[in-house]
Amino acid sequence: MKRDIVEEANKIISHFPRFHSEEDPFKILIETILSQRTRDENTEKAAKALFSKYNNVFELSKAQPEDLYELIKPSGMYKQKSKRIIEISKILVDQYNGEVPDTLEELLKLPGVGRKTANIVLYVGFGKKALAVDTHVHRISNRLGWVNTKTPEETEDELKKIIPPELWGPLNGAMVNFGQKICKPISPKCFDCILKDVCPSANQFLKPEKK
DNA sequence: AAAACGGGGGC
DNA sequence: GCCCCAGTTTT
């Protein structure tokens with residue numbers, strides 16, 4: 001059977017869209033920091049608690065790390081994240097007039113902001129054509145046979161060659177939902193999968209994949 | 001390349 | 001009880 005990868009991507013996007021209610025780039029940046037290695041529910045709890053007490057970058061820039069511990073604890077790694085959130089806030093206030101920069105290069109200078117977080121902020125916060133290769137994107141792209149890669153960096157390069165830029169962000173978000181509901185790391189629900197007819201890994205016994 | 005950070009949920 | 005989560009930084 002002939003594969004149409006773009007069509008498969010659109011299918012994932014239409015079946016598992018990811019909505020983003022927040023629009024303030026700063027709040028998206030902080031939420032994305034909180035979301036690192038943590039599930040959505042825990043991220044939302046932490047973000048809600050945090051923003052109920054601190055409304056903006058200026059207020060957060062004056063806080064102490066210990067002030068945030070209890071608020072963001074559900075998101076895990078709360079000591080590091082508290083420290084970084086305040087460091088980021090100070091940098092934004094001191095060097096960026098309180099605004100979040102909208103380029104990959106500038107975002108990567110912020111503490112706790114790596115390639116994945118930066119790309120999520122670029123897409124969700126600024127609507128740019130960005131692709132954040134997280135564990136879901138890496139795992140699913142390889143299972144589907146879209147790419148054959150070892151590292152997220154390789155996956156990013158290869159995916160960008162076969163997926164049109166306007167789909168990068170939407171596919172990225174949809175893959176997260178798809179990965180949580182169907183194409184899970186362990187015991188994926190291939191029987192219920194919309195791509196089981198084309199996926200080379202469908203119905204196989206899948207072990208957790210190396211990153 | 002590997003360790004450290006980390007609470008919460010699924011199985 | 002073990003494994004994983006829209007990872008990044010340090011050793």
Side-chain angles (χ1 to χ4, degrees), chain A residues 9 12-13 16-22 25 27-50 65-66 68-88 91 100 104-143 150-156 159 163 167-189 192 205-211:
Chain A
I12 295 176
I13 292 168
F16 299 91
R18 189 175 179 91
F19 299 104
H20 305 100
S21 54
E22 186 56 62
K27 290 191 174 179
I28 290 167
L29 170 58
I30 300 304
E31 276 191 10
T32 309
I33 297 280
L34 291 173
S35 78
Q36 291 169 357
R37 303 298 289 174
T38 307
R39 290 189 167 75
D40 288 351
E41 314 84 71
N42 302 327
T43 302
E44 286 167 18
K45 268 188 223 167
K48 193 174 179 185
L50 181 64
E66 304 78 48
L68 308 190
Y69 285 177
E70 289 305 316
L71 297 174
I72 71 168
K73 191 170 273 188
S75 78
M77 295 181 285
Y78 58 93
K79 291 184 181 176
Q80 281 187 11
K81 288 177 181 174
S82 294
K83 189 178 167 201
R84 288 172 181 167
I85 286 170
I86 292 171
E87 284 177 2
I88 288 172
I91 292 172
V100 178
L104 184 64
E105 186 188 2
E106 295 299 314
L107 283 167
L108 289 177
K109 292 179 182 173
L110 302 173
V113 177
R115 198 165 185 83
K116 300 184 185 64
T117 300
N119 276 311
I120 293 167
V121 171
L122 286 176
Y123 170 62
V124 180
F126 295 104
K128 300 206 168 191
K129 295 178 176 63
L131 179 66
V133 177
D134 52 56
T135 55
H136 291 296
V137 174
H138 185 58
R139 179 185 69 252
I140 295 170
S141 300
N142 275 283
R143 276 186 182 165
K150 300 283 188 227
T151 67
E153 289 74 21
E154 282 180 80
T155 304
E156 180 177 344
L159 264 189
I163 303 290
L167 296 188
W168 291 349
L171 178 65
N172 206 160
M175 277 203 172
V176 175
N177 289 338
F178 181 51
Q180 291 169 348
K181 296 190 178 76
I182 304 291
C183 198
K184 301 190 286 187
I186 296 178
S187 305
K189 302 166 92 171
D192 296 326
F205 179 71
L206 295 168
K207 295 184 174 181
E209 327 226 334
K210 307 271 188 294
K211 284 191 225 174

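Atom CD of A/Glu105 is surrounded by 12 or fewer heavy atoms from other residues, nucleotides or ligands within 6.0 Å.
Of the side-chain N and O atoms in A/Gln80, none sit less than 4.0 angstrom from OP1 or OP2 of C/dT10. Phosphate proximity of B/dC11 to A/Lys184: present, with a side-chain N or O under 4.0 Å from OP1 or OP2.
Proximity note for A/Asn42 (side chain, C-beta onward) versus C/dA6, B/dG7, B/dC11: the nearest is B/dG7. With C/dT9, B/dC5, B/dG7 as the choices, the nucleotide that has an atom nearest any side-chain atom of A/Met77 turns out to be B/dC5. The A/Asn172 side chain lies nearest to C/dA6 when the options are B/dG9, C/dA6, C/dC5. Closest approach to the A/Pro74 side chain among B/dG8, C/dA6, B/dG6 is made by B/dG8 (side chain taken as heavy atoms from C-beta onward).
Between C/dC5 and B/dA1, the distance separating the two C1' atoms is 22 Å to the nearest Å. Nucleotides C/dT8 and B/dG8 are separated by 23 Å at their P atoms, to the nearest Å. Nucleotides B/dA3 and C/dC3 have their P atoms positioned 14 Å apart, rounded to a whole Å. Spacing of C1' atoms, B/dG6 relative to C/dC2, comes out at 15 Å, to the nearest Å.
For A/Arg84 and A/Glu87, the salt-bridge test fails: no basic side-chain N is under 4.0 Å from an acidic carboxylate O.
Between the CD atom of A/Gln36 and the P atom of B/dA4 there is a distance of 19 Å, given to the nearest Å. Computed from coordinates, the A/Phe16 CZ to C/dA6 P distance equals 15 Å when rounded to whole Å. Between A/Gln180 atom CD and B/dG9 atom C1' there is a gap of 12 Å when expressed in whole angstrom units. Between the CD atom of A/Glu156 and the C1' atom of C/dA6 there is a distance of 14 Å, given to the nearest Å. Atom CD1 in A/Ile186 sits roughly 9 Å away from atom C1' in C/dC2 (whole-Å rounding). Taking atom NZ on A/Lys181 and atom P on B/dG10, their separation rounds to 14 Å, with Å as the unit. Separating the CD atom of A/Glu87 from the C1' atom of C/dT9 is a distance of 11 Å, rounded to the nearest angstrom. In this structure, A/Trp168 places its CH2 atom 18 Å from C1' of C/dA6, rounding to the nearest Å.
Note on A/Lys79: only backbone sugar-phosphate atoms sit closer than 4.0 angstrom, heavy atoms only; bases stay farther off. Here A/Glu41 lies out of heavy-atom contact (under 4.0 Å) with every strand. Within 4.0 Å (heavy atoms only), A/Ser75 reaches at least one base atom of the nucleic acid.
Using cut-offs of 30° and 60° on the angle between ring planes, the pair A/Tyr69 and A/Tyr78 is perpendicular.
Looking only at distances, a side-chain donor or acceptor of A/Lys81 sits under 3.5 Å from a matching main-chain atom of A/Ser75. Using modelled atom types, no side-chain atom of A/Thr43 and backbone atom of A/Glu41 make a donor-acceptor pair closer than 3.5 Å. A distance-only check finds a donor-acceptor pair linking the side chain of A/His138 to the backbone of A/Lys150 [under 3.5 Å]. Between the side chain of A/Asn177 and the main chain of A/Pro17, a donor-acceptor pair closer than 3.5 Å is present.
Side-chain contact check for A/Arg18 versus A/Met175: every heavy-atom pair is 4.5 Å or farther apart. With a 4.5 Å cut-off on side-chain heavy atoms, A/Asn42 and A/Leu34 do not count as touching.
Across residues 105-118 of chain A, not one residue has a non-hydrogen atom less than 4.0 Å from an atom of DNA chain B.
Residue-to-nucleotide proximity on DNA chain C shows that, of A/Ser35 and A/Arg84, the 5′-proximal contact is made by A/Ser35.
Side-chain N/O atoms of A/Arg37 and base N/O atoms of C/dA6 include no donor-acceptor pair closer than 3.5 Å. Checked by distance alone, A/Thr38 brings a side-chain donor or acceptor within 3.5 Å of a matching partner on the base of B/dG6.
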